[in-house]
Amino acid sequence: MAEWDGSAFGGSESEIPSLLAENPFLSDDLLRQLMDVGEVDLLVGISSHKNGRTTSHALHALERSVQQHFTRQRAVIINACAEDQETGDDGAGQLRIVAQENSRSAKLAALRTIHQVNVDSSAPLSAGNALHTILAAADLLRARACAVLSPETAELAPDWIAKLLAPAYRDKFDFVAPLYARHKFQGLLARNLVYPMSRAVFGCGIRELYSDEWGFSGRLATVCLNQDVWNEEYIRVRPEAWMAISAIGSDFRCCQSFLGQKIQSTTSPGTNIVEVFRQAVGNLFWCIESRQSSWLESDRSEMAQTSGPDHELISEPTDLNRHRIFELFQSGVTELEPMLSSILDPETHAQIKSTLALEESKFRFGPELWVRTLYDFAASYHHAVINRDHLVQALAPLYRGMTFSFLIEHANSSAAEMEAGSDRLCGEFVRQKPYFMEKWKAMIEVKS
């Protein structure tokens with residue numbers, strides 16, 4: 001396991017020039033604020049470039065949670081804020097109001113001060129830039145447990161924060177992934193691609209690699225801070241899966257903590273799925289590529305320890321248009337025919353082409369074909385047979401075909417039946433992993 005050797009934050013004015021040299025992305029003002037705080041037990045980072053009112057709600061929830069669950073611990077909120085382009089509000093005013101409103105209750109309920117630090121920026125911080133700053137603050141302040149939260153989570157409950165911090169602080173876990181209750185057809189990209197594929201490749205099952213909130217230890221923060229990835233586009237846009245996979249690959253302790261119902265709109269495979277793929281699937285393929293030394297010769301296979309239920313489904317009506325999804329599958333595969341022929345193994349390609357003539361009622365995109373398709377795409381990404389961004393986008397219509405088949409198969413399935421289907425899909429990824437490794441290692445002939 002990687003050793004944590006972060007140095008203490010001295011807090012002397014004379015240290016600022018050397019600290020700026022070591023952390024050029026941190027401002028002089030931020031360093032002075034951190035020096036005023038000193039070492040802490042708990043750190044929560046909030047990226048709040050939307051509006052101050054939303055940030056205020058998140059800060060109220062955080063204050064209440066810390067006061068209730070961590071009365072003796074020193075805590076700091078890192079508010080990674082940027083000016084709202086519509087209102088000109090950077091959220092700092094709301095932050096000061098929250099601090100004033102909670103000062104009396106904090107003194108009564110908590111034995112330690114809850115500090116707030118503003119990361120001012122004239123432009124919205126990307127998710128990666130915000131995380132980079134939060135990790136640097138955690139390292140400098142020697143925080144033992146940390147969490148990243150998005151104030152845009154509509155109904156953020158105070159106990160969510162405690163459930164992310166407690167496993168890292170009290171139980172010594174290094175990465176804490178959230179688990180949510182979802183509608184049965186919500187989060188299908190995670191259920192049918194990201195989770196089972198990452199579980200088979202990296203050997204550790206984490207259901208929610210892409211989320212708005214997660215927790216981690218101070219020592220994992222230091223290890224991730226020192227990795228040379230911060231200029232990568234995939235880290236700039238969606239850094240959370242990379243952090244989880246870094247923890248898995250370095251043998252840090254990972255767990256999952258059930259938070260409650262995930263409040264978000266269902267992303268329809270028929271709309272905006274290409275951009276979703278560029279971010280989520282492109283990021284996953286990049287992680288598989290960049291972390292190959294940690295998985296290529298490993299036979300690890302385990303599930304991350306879970307606090308609370310490991311899955312929970314909610315039955316509600318869905319507005320997914322199955323007919324439209326099927327049409328987009330057919331038109332997309334036909335349009336991308338030349339590109340797919342360069343990405344897929346000939347046998348895989350032939351099987352997919354054979355499904356185009358099927359009627360909706362007879363169409364199925366089964367687990368065996370789906371897994372083989374994904375492994376072909378990941379291997380072709382590795383060998384860069386075409387532009388990688390174009391390759392990732394070309395997977396979108398095939399995902400639509402698989403999703404249509406999934407919706408038909410599980411139209412009336414119970415939660416237990418859907419979970420059994422997920423287990424079978426995970427097993428299929430493991431069964432075909434030798435095929436993937438063979439494709440990964442093979443020399444690819446340039447196709448004319």
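Fair warning: this is a prediction, and the values are worked out from it, not measured in the lab. Just so you know, these numbers use all the heavy atoms, side chains as well, and skip hydrogens, waters and symmetry mates.
Using a 4.5 Å cut-off on side-chain heavy atoms (C-beta onward), Gln256 and Ile206 make contact. Looking at heavy atoms from C-beta onward, Ile46 lies in side-chain contact with Ile77 at the 4.5 angstrom threshold. Contact of the Ser217 side chain with the Lys172 side chain is not registered, since no non-hydrogen atoms from C-beta on lie closer than 4.5 Å. Counting only heavy atoms from C-beta outward, the side chains of Thr403 and Leu320 never approach each other to under 4.5 Å. Proximity of Tyr399 to Val276: side-chain heavy atoms (C-beta onward) are nowhere separated by under 4.5 Å. Proximity of Glu417 to Ser414: side-chain heavy atoms (C-beta onward) are separated by under 4.5 Å at one or more points. Looking at heavy atoms from C-beta onward, Arg170 lies in side-chain contact with Phe70 at the 4.5 angstrom threshold. Between Val392 and Val274, every side-chain heavy-atom pair lies at or beyond the 4.5 Å cut-off.
Ring geometry for His132 versus Trp230: interplanar angle under 30°, hence parallel rather than tilted (30 to 60°). Between Trp440 and Phe436, the two ring planes are perpendicular [angle over 60°; tilted spans 30° to 60°].
For the side-chain contact (heavy atoms from CB on, under 4.5 Å) with Leu43, the lone residue among Val76, Leu135, Asp139 that qualifies is Val76.
Remark: side-chain polar atoms of Asp174 are paired, donor with acceptor, to backbone N or O of Arg253 under 3.5 angstrom. Not one N or O on the side chain of Trp295 forms a donor-acceptor pair closer than 3.5 Å with the backbone of Ser198. The backbone N or O of Leu259 sits less than 3.5 Å from a side-chain atom of Trp160, completing a donor-acceptor pair. Using modelled atom types, one side-chain atom of His183 and one backbone atom of Phe185 make a donor-acceptor pair closer than 3.5 Å. For the pair Lys184 (side chain) and Ala415 (backbone), a donor-acceptor distance under 3.5 Å is absent. A donor-acceptor contact shorter than 3.5 Å links the side chain of Ser341 to the backbone of Pro338. Looking at Ser405, its side chain never comes within 3.5 Å of a backbone N or O of Gly401 through a donor-acceptor pair. Asn79 contributes no side-chain N or O that, together with a main-chain N or O of Val117, makes up a donor-acceptor pair within less than 3.5 Å. A distance-only check finds no donor-acceptor pair linking the side chain of His382 to the backbone of Ile288 [under 3.5 Å]. Although no hydrogens or angles enter the test, the distance criterion places a donor-acceptor pair under 3.5 Å between the side chain of Ser380 and the main chain of Ile343.
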Worked verdict on Glu233 versus Arg238 for salt bridge (Lys or Arg N to Asp or Glu O under 4.0 Å)
CA-CA 9 Å; Glu233 174 66 15; Arg238 298 300 301 261; over 6 Å; no

Report the C-alpha distance between Phe363 and Phe329 in whole Å, list the side-chain angles of each, state the deciding distance to 0.1 Å, and finish with yes or no for ring pair (Phe, Tyr, Trp, His ring centres under 6.0 Å).
CA-CA 11 Å; Phe363 178 85; Phe329 159 72; 5.0 Å; yes

Go through the steps for Phe377 and Leu340 under the test side-chain contact (heavy atoms from CB on, under 4.5 Å), then give the verdict.
CA-CA 9 Å; Phe377 265 79; Leu340 294 176; 3.8 Å; yes

Salt bridge (Lys or Arg N to Asp or Glu O under 4.0 Å) assessment of Arg300 paired with Asp251
CA-CA 11 Å; Arg300 178 182 180 182; Asp251 291 331; 3.7 Å; yes

Would Leu209 and Trp242 count as a side-chain contact (heavy atoms from CB on, under 4.5 Å) if you check the C-alpha gap in whole Å, the side-chain angles of each, and the deciding distance to 0.1 Å?
CA-CA 8 Å; Leu209 281 180; Trp242 159 79; over 6 Å; no

Working for side-chain contact (heavy atoms from CB on, under 4.5 Å), residues Gln351 and Phe365
CA-CA 10 Å; Gln351 285 184 262; Phe365 201 122; over 6 Å; no

Please assess Arg207 against Glu419 for the test salt bridge (Lys or Arg N to Asp or Glu O under 4.0 Å), listing each intermediate value before the final yes or no.
CA-CA 12 Å; Arg207 289 177 180 265; Glu419 186 61 17; 2.5 Å; yes

Evaluate the side-chain contact (heavy atoms from CB on, under 4.5 Å) criterion for residues Val44 and Ile134: first the C-alpha distance (whole Å), next the side-chain angles of each, then the deciding distance (0.1 Å), finally the verdict.
CA-CA 8 Å; Val44 176; Ile134 290 165; over 6 Å; no

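Considering all non-hydrogen atoms of both residues, Gly308 and Phe258 come closest at CA-CB, 4.1 Å. The heavy-atom pair separating Glu213 from Pro178 by the smallest distance is O-CG, 3.2 Å. The shortest heavy-atom contact between His410 and Met418 is ND1-CG, 3.8 Å. For the residue pair Cys254 and Ala304, the shortest heavy atom distance occurs at O-CB, 3.9 Å. Of all non-hydrogen atoms in Cys146 and Leu165, the two that sit nearest each other are C-CD2, 3.5 Å. Taking both residues in full, the closest heavy atoms of His69 and Ala162 are given as CD2-CB, 3.5 Å, listed atom of the first, atom of the second, then distance.
Between atom CG of residue Leu395 and atom CD1 of residue Ile273 there is a gap of 9.5 Å, rounded to the nearest 0.5 Å. Here Phe326 contributes atom CZ and Ser331 contributes atom OG; the two are 10.5 Å apart, rounded to the nearest 0.5 Å. For the atom pair CD1 of Ile352 and CG of Leu369, the computed distance is 5.0 Å after rounding to the nearest 0.5 Å. With values rounded to the nearest 0.5 angstrom, Leu188 atom CG is found 11.0 Å from Leu193 atom CG. Note that the SG atom of Cys224 and the CE atom of Met243 stand 4.5 Å from one another [nearest 0.5 Å]. Atom CG of Leu34 is separated from atom CG of Leu140 by 6.5 Å, given to the nearest 0.5 angstrom.
Side chain to side chain, His349 and Glu337 meet the donor-acceptor criterion of an N or O pair below 3.5 Å. Using modelled atom types and a 3.5 Å distance limit, the side chains of Asn129 and Ser126 yield a donor-acceptor pair. When only modelled atom types and interatomic distance are considered, Arg191 and Tyr195 share no side-chain donor-acceptor pair under 3.5 Å. Side-chain atoms of Asp376 and Tyr435 include a donor-acceptor pair closer than 3.5 Å. No hydrogens or angles considered: a donor-acceptor pair under 3.5 Å links the side chains of Gln393 and Asp389. Looking at Asp345 and Tyr375, their side chains never bring a donor and an acceptor atom within 3.5 Å of each other. Arg372 and Thr348 share a donor-acceptor pair across their side chains, judged by distance under 3.5 Å alone.
The side chain to side chain contact (heavy atoms under 4.5 Å, CB included) test applied to Arg322 returns Phe404, Leu407, Ile408, Ala411, not counting sequence neighbours. Every residue two or more places apart in sequence or in another chain was checked for a side chain to side chain contact (heavy atoms under 4.5 Å, CB included) with Pro434, and none qualifies.
Crowding of Glu438 atom CD: a count of heavy atoms from other residues, nucleotides or ligands under 6.0 Å not exceeding 12. The environment of Glu335 atom CD is sparse: at most 12 non-hydrogen atoms of other residues, nucleotides or ligands sit within 6.0 angstrom.
A salt bridge is defined here as a Lys NZ or Arg NE, NH1 or NH2 lying under 4.0 Å from an Asp or Glu carboxylate O, and Glu428 with Arg199 fails to meet this definition.
Taking the ring axis of Tyr381 as reference, the NZ or CZ atom of Arg388 stays within 45° of it and closer than 6.0 Å to the ring centre.
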